[in-house]
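When a residue number appears, it is its place in the shown sequence, counting from 1.
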Amino acid sequence: QAPLVQSGGGLVQPGGSLRLSCAVSEITLDWWTVGWFREVPGKEREGISCRKTMDGSTFYVDSVKGRFTFSIDNANSAMYLQMNNLKPEDTGIYYCAAGNPMVYSDDDCRRANGMNYWGEGTLVTVSS
């Protein structure tokens, strides 16, 4: 089994909500930097939110602040991205990922740097 297995996603109207899930195996979440990333056709993969193991802080890209929440359930080895008040520009393929870089900046997250394992991706479409 792949270390990261995703579920969730789908079609939602603007203003709606979705929750993405990522089941984790072979990785202890507390010891890894983990995050959610988005890919849109014609653009580089970008970081949406990252939890940095070095200080436990969570970064959110400005476009999702106040709308998206990244959470981790250590007991069930899973991480989630709760997405509220979705907008058409949130449309894309979302990936969960994990990595163990020594240093990890907000810019590393934005650029999707430093991840060793990736989920298979799940499509989120926000449209009326």
Side-chain angles (χ1 to χ4, degrees):
Q1 181 180 353
L4 304 175
V5 178
Q6 296 183 226
S7 59
L11 173 65
V12 64
Q13 291 187 341
S17 297
L18 282 174
R19 188 176 84 155
L20 305 183
S21 300
C22 181
V24 178
S25 61
E26 304 175 22
I27 293 172
T28 301
L29 286 169
D30 280 346
W31 299 350
W32 289 68
T33 290
V34 290
W36 289 94
F37 302 84
R38 179 172 64 204
E39 198 168 276
V40 176
K43 292 188 175 182
E44 297 283 334
R45 188 175 296 182
E46 62 171 345
I48 300 300
S49 180
C50 295
R51 200 287 305 271
K52 307 170 202 174
T53 188
M54 66 188 78
D55 60 8
S57 64
T58 302
F59 163 80
Y60 293 93
V61 70
D62 285 347
S63 62
V64 308
K65 280 181 182 177
R67 300 188 298 122
F68 289 15
T69 302
F70 182 9
S71 62
I72 290 174
D73 182 348
N74 284 305
N76 291 301
S77 294
M79 51 187 176
Y80 307 96
L81 185 67
Q82 177 67 41
M83 304 185 294
N84 297 328
N85 190 21
L86 282 158
K87 303 176 180 181
E89 53 264 40
D90 295 320
T91 295
I93 300 173
Y94 284 72
Y95 298 87
C96 59
N100 57 354
M102 294 297 293
V103 178
Y104 203 72
S105 68
D106 292 348
D107 203 46
D108 284 321
C109 181
R110 291 188 191 94
R111 296 173 183 266
N113 292 337
M115 297 290 108
N116 301 100
Y117 295 106
W118 292 87
E120 69 271 38
T122 186
L123 178 62
V124 171
T125 304
V126 184
S127 174
S128 55

*Which word best sums up how the rings of Tyr95 and Trp118 line up, parallel for under 30°, tilted for 30 to 60°, or perpendicular for over 60°?*
perpendicular

*With side chains defined as the heavy atoms from C-beta onward, is the minimum distance between Thr69 and Leu81 less than 4.5 Å?*
no

*Would you check if Thr125 and Val12 make a side-chain contact, meaning some heavy-atom pair closer than 4.5 Å?*
no

*Exercise: identify the closest heavy-atom pair between Asn84 and Ser17*: OD1-OG, 2.9 Å

*Indicate yes or no for a side-chain donor-acceptor contact from Arg51 to the backbone of Leu29 under 3.5 Å, with no hydrogens or angles considered.*
yes

*Assess whether salt bridge (Lys or Arg N to Asp or Glu O under 4.0 Å) is satisfied between Asp62 and Lys65, documenting all intermediate values.*
CA-CA 5 Å; Asp62 285 347; Lys65 280 181 182 177; 3.1 Å; yes

*asked:* How long is the straight-line distance from OG of Ser77 back to CD1 of Ile27, given to the nearest 0.5 Å?
replied: 10.0 Å

*asked:* Tell me whether Arg45 forms a cation-pi arrangement with Phe37, defined as NZ or CZ under 6.0 Å from the six-membered ring centre and within 45 degrees of its axis.
replied: no

*Do Tyr104 and Leu4 share a hydrophobic cluster, counting only Ile, Leu, Val, Met, Phe, Trp and Tyr and linking them when any side-chain heavy atoms are less than 4.5 Å apart?*
no

*asked:* Distance check, rounded to the nearest 0.5 Å: Ser21 atom OG versus Gln6 atom CD?
replied: 9.5 Å

*Return yes if some donor-acceptor pair links the side-chain N/O of Ser49 with the main-chain N/O of Phe59 below 3.5 Å, else return no.*
yes

_Side-chain (Thr28) to main-chain (Trp31) donor-acceptor, under 3.5 angstrom_ = no

_Between Ser57 and Asp55: side-chain donor-acceptor atoms closer than 3.5 Å_ = yes

_So, taking the atom named OG1 in Thr91 and the one named CG in Leu123, what distance separates them when rounded to the nearest 0.5 Å?_
8.0 Å

*Treating Ile, Leu, Val, Met, Phe, Trp and Tyr as nodes and any side-chain heavy-atom pair under 4.5 angstrom as an edge, say whether Met83 and Tyr80 lie in one connected cluster.*
no

*asked:* I'd like to know if the side chain of Asp73 and the backbone of Ala75 have a donor-acceptor N/O pair within less than 3.5 Å.
replied: yes

_Hydrophobic cluster membership, Ile72 vs Tyr117, 4.5 Å side-chain cutoff_ = yes

*asked:* Working to the nearest 0.5 angstrom, can you tell me the gap between Cys50 SG and Arg110 CZ?
replied: 10.0 Å

*asked:* Quick one, Ser127 and Leu11 - any side-chain contact, counting heavy atoms below 4.5 Å?
replied: yes

_Testing the basics here: between Met79 and Ala97, what is the closest heavy-atom pair and its distance to 0.1 Å?_
CE-O, 3.7 Å

*Same cluster (ILVMFWY, side-chain, under 4.5 Å), Val64 and Ile93*: no

*Carefully, step by step, assess Glu89 and Ser63 under the rule side chain to side chain contact (heavy atoms under 4.5 Å, CB included).*
CA-CA 9 Å; Glu89 53 264 40; Ser63 62; over 6 Å; no

*Flag the pair Asn74 / Asp30 as yes when at least one side-chain heavy-atom distance between them is below 4.5 Å, and no otherwise.*
yes

_Looking at every heavy atom in both Lys52 and Ser105, which two are closest together, and how far apart are they?_
NZ-C, 4.1 Å

*asked:* Quick check against the 3.5 Å criterion: does Asn116 have a side-chain atom that pairs as donor or acceptor with the backbone of Asn100?
replied: yes

*Hey, what do you get for CZ (Arg67) to CD (Gln82), rounding to the nearest 0.5 Å?*
12.0 Å

*Check whether more than 12 heavy atoms from other residues, nucleotides or ligands sit under 6.0 Å from atom CD of Glu44, and answer yes or no.*
no

*Has the side chain of Tyr94 got a donor or acceptor atom that lies under 3.5 Å from a matching backbone atom of Gly8?*
no

*How long is the gap from SG on Cys109 to CD on Glu46, to the nearest 0.5 Å?*
9.5 Å

*Same hydrophobic cluster for Met115 and Val34, using side-chain heavy-atom links shorter than 4.5 Å among ILVMFWY?*
no

*Derivation of the ring pair (Phe, Tyr, Trp, His ring centres under 6.0 Å) call for Phe68 and Trp36*: CA-CA 11 Å; Phe68 289 15; Trp36 289 94; over 10 Å; no

*Decide yes or no for Val124 and Leu20: does some side-chain heavy atom of the first lie under 4.5 Å from some side-chain heavy atom of the second?*
yes

*So Asp90 and Arg38, salt bridge (Lys or Arg N to Asp or Glu O under 4.0 Å) or not? Walk me through it.*
CA-CA 9 Å; Asp90 295 320; Arg38 179 172 64 204; 3.5 Å; yes

